[in-house]
Amino acid sequence: LRNMLDMHRASSNQLTIDMAPTDLLSDVLEPVVSMLYHRCADFEVLLDCPKNLVVMTDRLRLKQIVLNLSQNAAKFVEKGFIRLRADIVDGMVQVYVEDSGPGILLKKRKLLFSKYQESLDSLNQGTGIGLSVCETLVDLMQGEITLDEKYESGIEANPGSCFVIKLNTPAILLDSVNLEKSDSLKDEISLAQNDSLSMDRKKSLGDKSPIELPENLSVLCRYSKNI
């Protein structure tokens, strides 16, 4: 259903991308791995990604792409693995979804990202638009998605497949020191936001000055004693 809605939005130029700093491991790949484990336990789900690998991307859309590709792989893999991997190539980040399935027939590779393509499996599962949506989303993020024609899974009689998502954006590897600075920066931003909220609240009160009390002020207190 989500793919259908996204396809409709794309055709009417209503799909939007929200680029933000994204930790590939914790924000994208680990959540997808946890979903795959719940769906199927007949194969091994592998994860290969450096810690603190941060890129500027749309984390929700990238997660949607990786999940779509992983779920497609889960339909075909009977033994072996699905591997989610991220790497830095020439300073740019690439994300890989690899599997040890039967592979994709040569005659179907040319139209792999076409809309409403013929199903890749014998059971005709899916709507035929998942890969097309993935390509559309990657394009909106100024990236590229391709099928690695030379990939081999290493498992006999199961050549597998590998989709490569080139984000075309530089990577930022954060060490612990940078993370501490980042946390400090977050605190400063939070304080600034609180100050801004305080100013807004003052404005909502009409910028009224506080009432000044007279210097000589007598206060009458009531005193009672229980007997």
Side-chain angles (χ1 to χ4, degrees), residues 2-3 22-55 57 59-90 92-113 117-135 137-138 141 143-167 171 173:
R2 185 172 196 176
N3 285 338
T22 300
D23 187 313
L24 282 183
L25 182 61
S26 61
D27 293 336
V28 178
L29 300 184
E30 286 183 340
V32 173
V33 166
S34 65
M35 294 180 202
L36 289 177
Y37 271 122
H38 286 298
R39 289 180 176 274
C40 183
D42 295 336
F43 52 79
E44 189 176 7
V45 181
L46 305 176
L47 180 56
D48 182 7
C49 177
K51 292 183 179 180
N52 302 327
L53 176 54
V54 178
V55 296
T57 187
R59 69 185 65 184
L60 292 179
R61 291 302 187 181
L62 183 57
K63 185 162 59 176
Q64 178 184 351
I65 294 165
V66 175
L67 182 59
N68 273 351
L69 296 174
S70 302
Q71 289 175 335
N72 279 345
K75 297 176 184 178
F76 304 100
V77 177
E78 296 181 355
K79 64 177 181 178
F81 62 86
I82 292 177
R83 180 187 291 114
L84 307 184
R85 184 166 64 89
D87 200 1
I88 302 172
V89 180
D90 297 328
M92 300 295 176
V93 172
Q94 296 187 5
V95 179
Y96 306 81
V97 178
E98 307 168 346
D99 67 66
S100 60
I104 299 175
L105 297 176
L106 290 176
K107 65 179 182 180
K108 293 189 175 183
R109 293 183 182 183
K110 294 182 180 180
L111 301 176
L112 195 58
F113 298 101
Q117 64 170 324
E118 181 183 354
S119 179
L120 297 176
D121 66 321
S122 59
L123 298 177
N124 294 317
Q125 301 180 66
T127 60
I129 65 172
L131 290 178
S132 178
V133 170
C134 287
E135 184 181 50
L137 293 175
V138 172
M141 294 188 293
E144 303 171 63
I145 181 171
T146 59
L147 177 70
D148 185 351
E149 303 277 354
K150 299 180 180 180
Y151 174 79
E152 287 289 339
S153 71
I155 296 181
E156 186 178 358
N158 289 275
S161 60
C162 172
F163 286 90
V164 183
I165 305 167
K166 299 178 181 179
L167 296 180
L173 283 172

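The first residue in the sequence is number 1, and the count goes up from there.
Arg83 places no side-chain N or O within 3.5 Å of a backbone atom of Val97 that could act as its donor or acceptor partner. Under the 3.5 Å distance criterion, the side-chain polar atoms of Asn158 are matched with a main-chain donor or acceptor of Glu156. With hydrogens and angles disregarded, no donor-acceptor distance shorter than 3.5 Å links the side chain of Ser100 to the backbone of Gly160. At distances below 3.5 Å, at least one donor-acceptor pair connects side-chain atoms of Asp23 with backbone N or O atoms of Leu25. A side-chain donor-acceptor contact under 3.5 Å links Ser153 to the backbone of Ile155.
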Self-check item: From CA spacing to verdict: side-chain hydrogen bond (donor to acceptor under 3.5 Å, both in side chains), Asp99, Ser161
Solution: CA-CA 6 Å; Asp99 67 66; Ser161 60; 2.7 Å; yes

Self-check item: Verdict with reasoning, Val164 to Val95, per side chain to side chain contact (heavy atoms under 4.5 Å, CB included)
Solution: CA-CA 6 Å; Val164 183; Val95 179; over 6 Å; no

Practice problem: Show your working on side chain to side chain contact (heavy atoms under 4.5 Å, CB included) between Met92 and Lys166 and close with a plain yes or no. | Solution: CA-CA 8 Å; Met92 300 295 176; Lys166 299 178 181 179; over 6 Å; no

Exercise. Go through the steps for Leu167 and Gln94 under the test side chain to side chain contact (heavy atoms under 4.5 Å, CB included), then give the verdict.
Key: CA-CA 6 Å; Leu167 296 180; Gln94 296 187 5; over 6 Å; no

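At least one side-chain heavy atom of Ile65 sits less than 4.5 Å from a side-chain heavy atom of Val138. Residues Gln64 and Leu137 are in side-chain contact: their nearest non-hydrogen atoms beyond the backbone lie under 4.5 Å apart. The shortest side-chain heavy-atom distance between Lys63 and Val32 falls under the 4.5 Å cut-off. In this structure, the side chains of Met35 and Leu67 come closer than 4.5 Å at one or more pairs of heavy atoms. No side-chain heavy atom of Asp148 sits less than 4.5 Å from a side-chain heavy atom of Phe163. Tyr96 is not listed as a side-chain neighbour of Leu84, based on a closest heavy-atom distance of 4.5 Å or more. Looking only at side-chain heavy atoms (C-beta outward), Thr22 and Val54 stay at 4.5 Å or farther from each other. Looking at Ile82 and Leu46, their side chains never come closer than 4.5 Å, going by heavy atoms from C-beta outward.
The local environment of CD in Glu149 is crowded, with over 12 non-hydrogen atoms from other residues, nucleotides or ligands closer than 6.0 Å.
For the pair Gly101 and Val77, the tightest heavy-atom approach, listed with the atom from each and the gap, is N-CG2, 3.9 Å. Summarising the geometry of Asp27 relative to Arg59, their closest heavy-atom pair is OD2-NH1, 3.6 Å, with the distance given to 0.1 Å. Leu36 approaches Gln71 most closely through the heavy-atom pair CD2-N, 4.4 Å. Smallest separation of non-hydrogen atoms from Ala86 and Cys49: CB-SG, 3.8 Å. Contact detail for Ile145 and Glu135: the closest heavy-atom pair is CG2-CA, 3.8 Å.
Between atom CG of residue Leu131 and atom CG of residue Asn68 there is a gap of 8.0 Å, rounded to the nearest 0.5 Å. The distance from atom CD1 of Ile88 to atom CG of Leu24, rounded to the nearest 0.5 Å, is 9.0 Å. Atom CZ of Phe81 sits about 6.5 Å away from atom CD of Glu98, to the nearest 0.5 Å.
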